[in-house]
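One structure is given below, encoded as structure tokens.
Side-chain atoms are counted along with the backbone in the values below, which use heavy atoms only and exclude waters and symmetry mates. In each ligand, atom 1 is the first atom listed, and ligand 1 is the first ligand listed.
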Amino acid sequence: MNRYSIKMRASNKEEGHISGAEKMIPEEELQQYCSRLLERALRHSKGKPDFINLKIEAVNEEEIIHLPALAVTTVETESVSKGQQVVLDYLRKLNLGRAEEIMSVWSQSYAMRGAILLDADSLKRLEPDRERGIRATYMDMETEDEIKRSACGGKNHFNEALVLATKVVSHPNIVAELCISDDPDYVTGYIASKEFGYVRITTLKEMGSPHGGRIFLFRGNEKDKEDCISYLQKQKVLVHVDNVAER
Ligand code: PML
Ligand code: MG
């Protein structure tokens, strides 16, 4: 099967980054997805873009690795502070001694297109370009389910985030990922790790807030860091989302 990667990003002068998306789809679906992603860029709750970039590249099937999706747990929280407490508890369960300090770095990711890559112990930021951050790319979901397939051109926060988190935390040097959506009308966020899977937290920010971003928590040496950045930005990954386990 001939597959193509599509990357969409949209921005404007006032807001900066507005929207971004990743797909890796069969050639027959290329036209349909380009128009869906364009639609998504034009109708985003963060604002009207004055710049839209659609990048399309052929993908060699042999380069793709296939991963099962992380198991999913949902924690219902009725306030932002309770949601943040859940994240803190998981950071501690992962033996991350500087959990509060890690949480306080999160806000530095809010205006970035990519994520912060943070040394989990020294709390040093490791991205070569700190304004842009590290963007995990070249990934999509793999599913036999026709309904999921046809829905995935529009934005499905959960499916897309589960795919991204599965790719990210599968790297041996990533300890965990933290995410709050930057979409003003979406308040569910998560902490993902190999140990605890994908833990959704239903309130991680106030409704209406455009502040969101990601931290990838890393543990390793300089060589591991180079491998990790290359994996996050270049490795092609398809994530099976059928039979997602609920914890
Ligand atoms: C985003 O806006 O890209 C992040 C979405 C987080 C999804 C959290 C969830 O619903 O599980
Ligand atoms: Mg967004």
Close-contact set for ligand 1 against [X] heavy atoms, below 4.0 Å:
X: Ala161; value: 6 (C), 7 (C)
X: Arg200; value: 9 (C), 10 (O), 11 (O)
X: Cys179; value: 4 (C)
X: Tyr186; value: 7 (C), 8 (C), 9 (C), 10 (O)

| message | Under a plain distance cut-off of 3.5 Å, with no hydrogens placed, do Glu57 and Tyr138 share a side-chain donor-acceptor pair? | response |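 Indeed, the side chains of Tyr138 and Glu57 share at least one donor-acceptor pair under 3.5 Å.
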
| If you measure only the distance, is there a donor-acceptor pair under 3.5 Å linking the side chains of Asn156 and Glu160? |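 Per modelled atom types, Asn156 and Glu160 side chains form no pair under 3.5 Å.
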
| message | Please report, to 10°, the angle around the Mg ion (ligand 2) from atom OD1 (Asp183) across to atom OD1 (Asp182). | response |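 That angle works out to 80° after rounding to 10°.
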
| said: Minimum heavy-atom separation for Leu204 and Tyr190, please, with both atom names. | reply: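 Scanning both residues completely, I find the closest heavy atoms to be CD1-N, 3.9 Å.
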
| task | Please indicate whether Lys82 has more than 12 foreign heavy atoms, meaning atoms of other residues, nucleotides or ligands, lying under 6.0 Å from its NZ. | result |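 Result for NZ/Lys82: open.
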
| message | Please list the nearest protein heavy atom to atom 1 (C) of ligand 1 with its residue and the distance rounded to 0.1 Å. | response |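 Heavy-atom neighbour on the protein nearest atom 1 (C) of ligand 1: Ser181 OG, 3.6 Å.
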
| What residue and atom, counting heavy atoms only, is the protein's closest point to atom 3 (O) of ligand 1, and at what distance? |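 So the nearest neighbour among protein heavy atoms is Lys155 NZ, 3.2 Å.
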
| said: For a side-chain hydrogen bond (donor to acceptor under 3.5 Å, both in side chains) check, start with the C-alpha distance between Thr143 and Asp242, then their side-chain angles and the critical distance, and finish with the verdict. | reply: CA-CA 6 Å; Thr143 174; Asp242 299 331; 2.7 Å; yes

| query | With under 30° as parallel and over 60° as perpendicular, where do the rings of Tyr198 and Phe158 fit, or are they tilted in between? | reply |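 Plane angle over 60°, so perpendicular.
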
| request: For the pair Tyr110 and His211, name the ring-plane relationship: parallel under 30°, tilted 30 to 60°, perpendicular over 60°. | output: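 Parallel: the ring planes of Tyr110 and His211 meet at under 30°.
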
| For ligand 1, is there an N or O atom under 3.5 Å from any N or O atom of Asp182? |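 N/O-N/O distance below 3.5 Å does not exist for this pair.
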
| query | Is any N or O atom of Tyr198, backbone or side chain, closer than 3.5 Å to an N or O atom of ligand 1? | reply |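 N/O-N/O distance below 3.5 Å exists for this pair.
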
